[in-house]
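First comes the structure, then the notes that go with it.
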Amino acid sequence: KNARSSYILFCNSIRKEVTEKHPTLKMHEISQKLSSRWNDAKEEVKEEFKLLAEKDKDRYKVENDAYEKKLHEQNGSLLGVGASNSSE
């Protein structure tokens with residue numbers, strides 16, 4: 001999984017609240033509400049999520065390095081690292 005941005009982390013944290021408050025909204029309308037909430041958020045809130053995003057970048061780097069190492073150990077074979085090598 002790629003590193004998540006501060007915006008995505010913010011949306012994930014409030015999505016349930018927004019969908020419960022507005023149960024009849026369609027997905028794109030919920031996305032608009034989430035976007036509006038992000039735009040209206042105070043800088044302190046955005047900074048908090050920016051710090052969380054930095055931590056998630058670290059998580060991604062560790063996971064990706066482990067993936068690359070395993071791939072290298074298998075001489076480039078994707079077998080056993082999440083994909084099959086079938087040519088069908």
Side-chain angles (χ1 to χ4, degrees):
K1 232 182 216 192
N2 284 334
R4 293 166 287 188
S5 69
S6 54
Y7 172 72
I8 294 299
L9 291 167
F10 174 81
C11 289
N12 288 346
S13 75
I14 66 166
R15 184 179 312 277
K16 183 177 179 183
E17 171 194 332
V18 171
T19 55
E20 286 176 354
K21 188 174 181 180
H22 306 282
T24 60
L25 291 183
K26 296 183 170 134
M27 187 60 117
H28 74 278
E29 294 167 323
I30 291 171
S31 295
Q32 288 172 341
K33 290 244 182 242
L34 295 173
S35 176
S36 177
R37 293 270 300 264
W38 174 254
N39 290 333
D40 294 342
K42 293 180 180 180
E43 263 322 296
E44 301 86 43
V45 172
K46 289 183 179 184
E47 281 301 318
E48 177 186 331
F49 284 97
K50 287 177 185 175
L51 290 174
L52 291 173
E54 286 299 318
K55 287 181 183 179
D56 200 52
K57 282 182 190 177
D58 294 339
R59 176 213 43 94
Y60 172 74
K61 182 171 177 9
V62 168
E63 288 179 4
N64 193 53
D65 288 349
Y67 169 82
E68 293 288 335
K69 181 181 176 191
K70 189 169 185 177
L71 188 63
H72 178 71
E73 289 171 354
Q74 298 177 136
N75 295 321
S77 171
L78 291 175
L79 288 178
V81 290
S84 74
N85 239 358
S86 71
S87 57
E88 295 179 22

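On a predicted model such as this, the values are computed, not experimentally measured, just so you know.
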Here the gap from Arg59 atom CZ to Lys1 atom NZ, rounded to the nearest 0.5 Å, amounts to 7.5 Å
Rounding to 0.5 Å, atoms OG (Ser6) and CG (Asp56) come to a distance of 11.0 Å
Taking everything shown except Lys46 itself, do over 12 heavy atoms lie less than 6.0 Å from its NZ?
-> yes
From CZ (Arg15) to CZ (Phe10), nearest 0.5 Å = 11.0 Å
Would you give the length of the straight line joining atom OG1 of Thr19 to atom CD of Glu29, rounded to the nearest 0.5 angstrom?
-> 13.0 Å
Just wondering, do Val18 and His22 contact through their side chains at under 4.5 Å, heavy atoms?
-> yes
Please report the closest heavy-atom contact between Ala53 and Ser5, naming both atoms and the distance.
-> CB-C, 3.9 Å
Look at the side chain of Ser31 and the backbone N and O of Met27, then say whether any donor-acceptor pair between them is shorter than 3.5 Å.
-> yes
Between Lys21 and Glu17, is there a side-chain N and carboxylate O pair less than 4.0 Å apart?
-> no
Does the salt bridge (charged side-chain N to carboxylate O under 4.0 Å, His left out) test come out yes or no for Lys70 and Glu73, once each step is laid out?
-> CA-CA 5 Å; Lys70 189 169 185 177; Glu73 289 171 354; over 6 Å; no
Worked check of side chain to side chain contact (heavy atoms under 4.5 Å, CB included) between Tyr60 and Arg4 = CA-CA 9 Å; Tyr60 172 74; Arg4 293 166 287 188; over 6 Å; no
pair Glu48-Lys42: side-chain heavy atoms closer than 4.5 Å = no
Would a hydrophobic clustering, with Ile, Leu, Val, Met, Phe, Trp and Tyr connected at side-chain separations under 4.5 Å, put Ile14 with Leu25?
-> yes
Interatomic distance, CG@Leu9 vs CG@Leu51, rounded to 0.5 Å, equals 11.0 Å
Using a strict 4.0 Å threshold on nitrogen-to-oxygen distance, state whether Asp58 and Lys61 make a salt bridge.
-> no
Report the distance from atom CG of Asp40 to atom CH2 of Trp38, rounding to the nearest 0.5 Å.
-> 12.0 Å
